[in-house]
Amino acid sequence: MRILLLTHSFWPDISPPQKRWAAFSREFASASHQIDVVAPSVFDQYFFKISHRSAPPAGVTVYRYPSIGKSGTMVGKLLKHAIDALRSIPTALRTPKPQVVIATVPAIPTLAVGYLVSRIRRTPFVVDLRDAWPDLLQDSQVLRISWLEPLVSRILTFMIQRSDLVVTVSEGFAQKLTSEGARKAVTISNGVDIDRYGMKLVAAQRGEKLRVLYLGNLGRSQGLDLVIRAAALAEGKVELRIVGQGTEKTNLQELAAGLGVDVDFRNPVYGPSVLDNYAWADTCLVTLRSDWDSFDHTIPSKLYELLFLDRHITGLVKGEAAEIIRASGSGQVIEQSHQVLAEHFLTLYSERSRLTTGLAGSQWVRRNAALPTLGQQYLRELKLLTDRYQESK
């Protein structure tokens with residue numbers, strides 16, 4: 001089987017979709033399938049250093065098309081993804097004839113390209129949907145023009161319903177899409193590439209204060225203002241570190257200054273530096289704001305990494321993400337109130353035994369979220385799809 005993958009992030013990027021598809025591609029290739037990946041060119045100097053020391057997974061051919069580079073604004077990101085999608089079409093049409101086309105979303109315009117390419121090349125079309133689109137559009141109001149969000153939502157819904165298979169990362173969202181007219185929706189969650197993770201964590205000695213870490217995107221989705229307000233109520237017993245970049249970073253810094261909270265803001269980190277931050281922390285935050293309904297079916301990908309590293313997790317999440325934290329026994333899910341969160345911090349400060357999770361998280365990941373096993377499941381679904389397609393011709 002020859003598989004065409006359209007994605008906005010692949011080797012040598014360092015991102016959750018890249019990690020997911022590097023593991024899946026390796027499983028596909030080990031079963032003698034060929035994967036052609038169409039992805040934008042890479043500009044980041046750090047990524048180029050990585051690329052000089054490594055190679056794409058065996059059995060994978062990467063086709064690059066020119067990208068306009070990164071943008072720090074939401075409008076800029078939308079324009080970038082739209083222009084990149086248009087530029088990707090000639091490259092996707094020049095690849096060898098595939099048996100199946102997969103478009104992984106976000107970026108949203110990639111879905112339109114995947115649908116177009118699959119129709120032109122007369123192959124089944126698979127949507128790899130890692131977020132709760134199009135519901136997330138309405139919640140986030142990222143498309144600020146009043147008529148644009150309903151239009152884009154209808155286009156997304158049209159393409160999802162016309163796809164031959166939708167792959168989601170949460171059970172609830174797969175069920176929702178099926179009830180709304182998707183031909184077939186299955187769940188293949190995010191997870192950890194346990195065979196190739198290769199990094200071990202040695203926890204640092206605990207300090208006088210409770211060390212609280214958030215590492216990830218600093219956007220509207222995370223609702224991190226609540227965390228800063230909770231730290232302000234924690235009687236000086238919390239040391240809060242926020243690592244990352246995003247549209248809300250400046251607002252968060254201004255909020256911390258206004259409340260007189262000494263928050264250690266740091267720029268994004270990669271590789272071993274991520275582990276250094278995890279090792280420093282007593283508890284790691286996984287947070288999504290509570291007032292967006294789409295987050296009932298959203299599971300932050302970093303949750304699986306924290307579980308695999310047996311970190312204590314403070315979950316400001318709901319739905320399936322909250323269920324995973326409870327089922328794994330790797331922390332607590334807290335009501336999204338800065339007063340309740342402050343009380344939680346003070347409890348952890350005074351009762352440090354609550355921070356010990358043992359091997360509960362890593363054992364849960366090995367049972368439920370090992371990417372090599374999930375890749376084999378994905379491949380079975382693709383084989384069923386292509387076999388049905390051949391029979392129908």
Notebook entry, point to check: Is the closest basic N to carboxylate O distance between R211 and D282 below 4.0 Å?
Noted result: no
Checklist line | D262, CG: over 12 other non-hydrogen atoms inside 6.0 angstrom | finding: no
Check: Are the charged groups of D193 and K19 less than 4.0 angstrom apart, N to O?
Finding: no
Note to self: I need the minimum non-hydrogen distance between A85 and V113, along with the two atoms involved.
What the structure shows: O-CG2, 3.3 Å
Notebook entry, point to check: Do L255 and V263 share a hydrophobic cluster, counting only Ile, Leu, Val, Met, Phe, Trp and Tyr and linking them when any side-chain heavy atoms are less than 4.5 Å apart?
Noted result: yes
Margin query: Looking at every heavy atom in both Q245 and N267, which two are closest together, and how far apart are they?
Written below: NE2-OD1, 3.9 Å
Notebook entry, point to check: Are the side chain of H338 and the backbone N or O of L226 linked by a donor-acceptor pair below 3.5 Å?
Noted result: no
Notebook entry, point to check: Can you name the nearest heavy-atom pair linking R241 to R266, along with the distance?
Noted result: NH2-NH2, 3.3 Å
Notebook entry, point to check: Salt bridge between R354 and E351, side-chain N to carboxylate O under 4.0 Å?
Noted result: yes
Check: Thinking salt bridges, do D36 and R2 make one under a 4.0 Å N-O criterion?
Finding: yes
Note to self: So does A22 get a backbone contact from the side chain of S25, meaning a donor-acceptor N/O pair under 3.5 Å?
What the structure shows: no
Item checked: Within-4.5 Å side-chain heavy-atom neighbours: L111 and L156 -> yes
Item checked: Side-chain donor-acceptor pair present, T123, S118, cut-off under 3.5 Å -> no
Notebook entry, point to check: Would you call D128 and R20 a salt bridge, taking side-chain N to carboxylate O under 4.0 Å as the test?
Noted result: yes
Checklist line | same_hphob_cluster(V167, I3) at 4.5 Å side-chain heavy-atom cutoff | finding: yes
Next item on the list: Give the cluster check for V317 versus V365: same hydrophobic cluster or not, with ILVMFWY residues linked at side-chain heavy-atom distances below 4.5 Å.
Entry: yes
Notebook entry, point to check: What closest approach, in Å, do Q222 and T287 show between heavy atoms, and which atom pair accounts for it?
Noted result: O-OG1, 2.8 Å
Next item on the list: Using a cut-off of 6.0 Å, state whether more than 12 heavy atoms not belonging to K184 lie near its atom NZ.
Entry: yes
Item checked: Lys/Arg N to Asp/Glu carboxylate O, R311 vs E305, below 4.0 Å -> no
Margin query: So which atom in L252 and which in I228 form the shortest heavy-atom distance, rounded to 0.1 Å?
Written below: O-CD1, 3.6 Å
Check: Taking the side chain as C-beta and beyond, is there a heavy-atom pair between R121 and V101 under 4.5 Å?
Finding: no
Next item on the list: Evaluate whether atom CZ of R122 has more than 12 neighbouring non-hydrogen atoms of other residues, nucleotides or ligands under 6.0 angstrom away.
Entry: no
Margin query: Using side-chain heavy atoms (C-beta onward) and a distance below 4.5 Å, is Y278 in contact with C284?
Written below: yes
Margin query: Any donor-acceptor pair under 3.5 Å linking the side-chain atoms of S330 with those of H312?
Written below: no
Checklist line | Co-membership, hydrophobic cluster, residues L215 and L348, 4.5 Å side-chain | finding: no
Item checked: Shortest non-hydrogen separation from A321 to T298 and the atoms involved -> CB-O, 3.7 Å
Next item on the list: Treat each ILVMFWY residue as a node, draw an edge where side-chain heavy atoms are under 4.5 Å apart, and state whether I299 and V333 are in one component.
Entry: yes
